[in-house]
Number of protein chains: 2
Amino acid sequence: MKTEIEPIKECSHTILAIHDVMDILNGKWKISIIACLCYKKMRYSELLREVKGISGRMLSRELKELEMNQLIIRNVLDTQPVTVEYEITEYGSTLKNLTNTIAEWGIKHRKRIIGK
Amino acid sequence: MKTEIEPIKECSHTILAIHDVMDILNGKWKISIIACLCYKKMRYSELLREVKGISGRMLSRELKELEMNQLIIRNVLDTQPVTVEYEITEYGSTLKNLTNTIAEWGIKHRKRIIGK
DNA sequence: GAAGTAAGTTACAAAAAGTAACCTTTCCAG
DNA sequence: CTGGAAAGGTTACTTTTTGTAACTTACTTC
């Protein structure tokens with residue numbers, strides 16, 4: 001039993017899985033958008049405000065891609081005037097753990113940078 | 001006590017933290033590289049093989065940025081010929097939880113896609 | 001002495017992201 | 001009843017990031 005070759009195998013498996021995730025959550029905005037929508041339903045304009053720095057162009061592109069991957073749903077409400085609400089799907093909400101883990105590291109990192 | 005405004009605050013905080021992380025782990029390769037190096041020390045050529053699809057140009061760029069952010073260390077060993085080993089730092093290894101969480105989701109996602 | 005491996009770099013092309021202006025519908029103030 | 005302003009985008013144009021492929025230098029094996 002050559003236990004020394006096992007690591008590589010397991011590593012490749014991990015890399016492959018990460019690559020799969022990054023294909024879906026590519027760009028620097030999607031994870032933030034998901035995190036917002038895990039929090040609550042939001043309208044286009046709310047997301048534009050909440051996801052600091054994103055442009056309208058990027059927001060609509062990213063929302064379309066997330067919708068195509070069935071992570072969010074776009075609801076057009078027939079109010080006057082129409083409002084559009086973006087909502088996380090059940091499947092999308094399985095990413096909550098992921099976004100939380102990232103955010104937690106970010107908070108610790110910020111403390112480390114500022115704290116000393 | 002207006003509890004209805006609390007969510008936004010907490011959400012912004014999360015988004016900010018995620019943004020901080022994504023500034024450091026930007027691009028689609030860094031997380032994979034970190035995951036590899038969390039696994040074991042690797043040489044440039046090993047990473048090139050392990051991180052499927054990455055080019056030499058991107059690998060050296062990403063490694064430099066990770067090194068600047070003190071997540072990895074570059075060790076030049078005085079063997080004949082010289083070999084260069086990249087190793088995760090103690091701080092970099094605090095990302096292990098993050099890479100694992102991402103990989104876990106990826107594995108579940110793959111099962112979902114293929115499985116049905 | 002030809003070819004191969006290791007660890008990169010360089011020049012050029014393609015793709016992704018950012019910027020800013022524009023569009024349509026509807027509401028509200030003067 | 002005119003003129004903003006907000007909502008939900010889109011379009012044209014620029015800049016930045018990635019990708020491709022060839023090249024480099026030093027050593028090693030056939």
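In what follows, chains carry the letters A, B, and so on, assigned in the order in which the sequence lines appear, proteins first and then strands, with residues in each chain numbered from 1. Note that the structure is predicted; figures quoted are calculated from it, not measured.
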Show the distances under 3.5 angstrom between N or O atoms of the protein and N or O atoms of nucleotides 7-11 of chain D.
| from | atom 1 | to | atom 2 | distance (Å) |
| --- | --- | --- | --- | --- |
| dG8(D) | OP1 | Val84(A) | N | 2.7 |
| dG8(D) | OP2 | Ser45(A) | N | 3.3 |
| dG8(D) | OP2 | Ser45(A) | OG | 3.0 |
| dG9(D) | OP1 | Arg74(A) | NH2 | 2.5 |
| dG9(D) | OP2 | Tyr86(A) | OH | 2.8 |
| dT10(D) | OP1 | Lys64(A) | NZ | 3.3 |
| dT10(D) | OP2 | Ser60(A) | OG | 3.4 |
| dT10(D) | OP2 | Lys64(A) | NZ | 3.3 |

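Lys30(B) contributes a side-chain N or O that, together with a main-chain N or O of Asn26(B), makes up a donor-acceptor pair within less than 3.5 Å. A distance-only check finds no donor-acceptor pair linking the side chain of Tyr91(B) to the backbone of Asn69(B) [under 3.5 Å]. With hydrogens and angles disregarded, a donor-acceptor distance shorter than 3.5 Å links the side chain of Thr89(A) to the backbone of Gln70(A).
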Apply salt bridge (charged side-chain N to carboxylate O under 4.0 Å, His left out) to residues Lys108(A) and Glu104(A) and explain how you reach the verdict.
CA-CA 6 Å; Lys108(A) 280 183 206 151; Glu104(A) 273 163 31; 5.3 Å; no
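Checking Tyr39(B) against Glu10(A) by side-chain atom types alone, a donor-acceptor pair falls below 3.5 Å.
Rounded to an integer number of Å, the gap from CE of Met22(A) to P of dT17(D) is 17 Å. Protein atom CH2 of Trp29(A) is 15 Å distant from nucleotide atom C1' of dT17(D), rounded to whole Å. Straight-line distance from the NE2 atom of His19(A) to the C1' atom of dT18(D): 12 Å, rounded to whole Å. Ile33(B) places its CD1 atom 13 Å from the C1' atom of dT18(D), with the value rounded to the nearest Å.
Taken from CD1 in Ile72(A) to CD1 in Ile34(A), the straight-line distance is 6.5 Å, to the nearest 0.5 Å.
In summary, of the residues considered (Lys41(B), Glu85(B), Arg43(B)), a side-chain contact (heavy atoms from CB on, under 4.5 Å) with Asn75(B) occurs for Glu85(B) alone.
Protein chain B contacts DNA chain C over a range whose 5' and 3' limits, counting nucleotides with an atom under 4.0 angstrom from a non-hydrogen atom, are dA6(C) to dA11(C).
In terms of hydrophobic clustering, with Ile, Leu, Val, Met, Phe, Trp and Tyr side chains grouped at heavy-atom distances under 4.5 Å, Tyr86(B) and Ile24(B) are assigned to a common cluster.
Here Lys28(B) reaches the OP1 or OP2 of dG19(D): one of its side-chain N or O atoms lies under 4.0 Å away.
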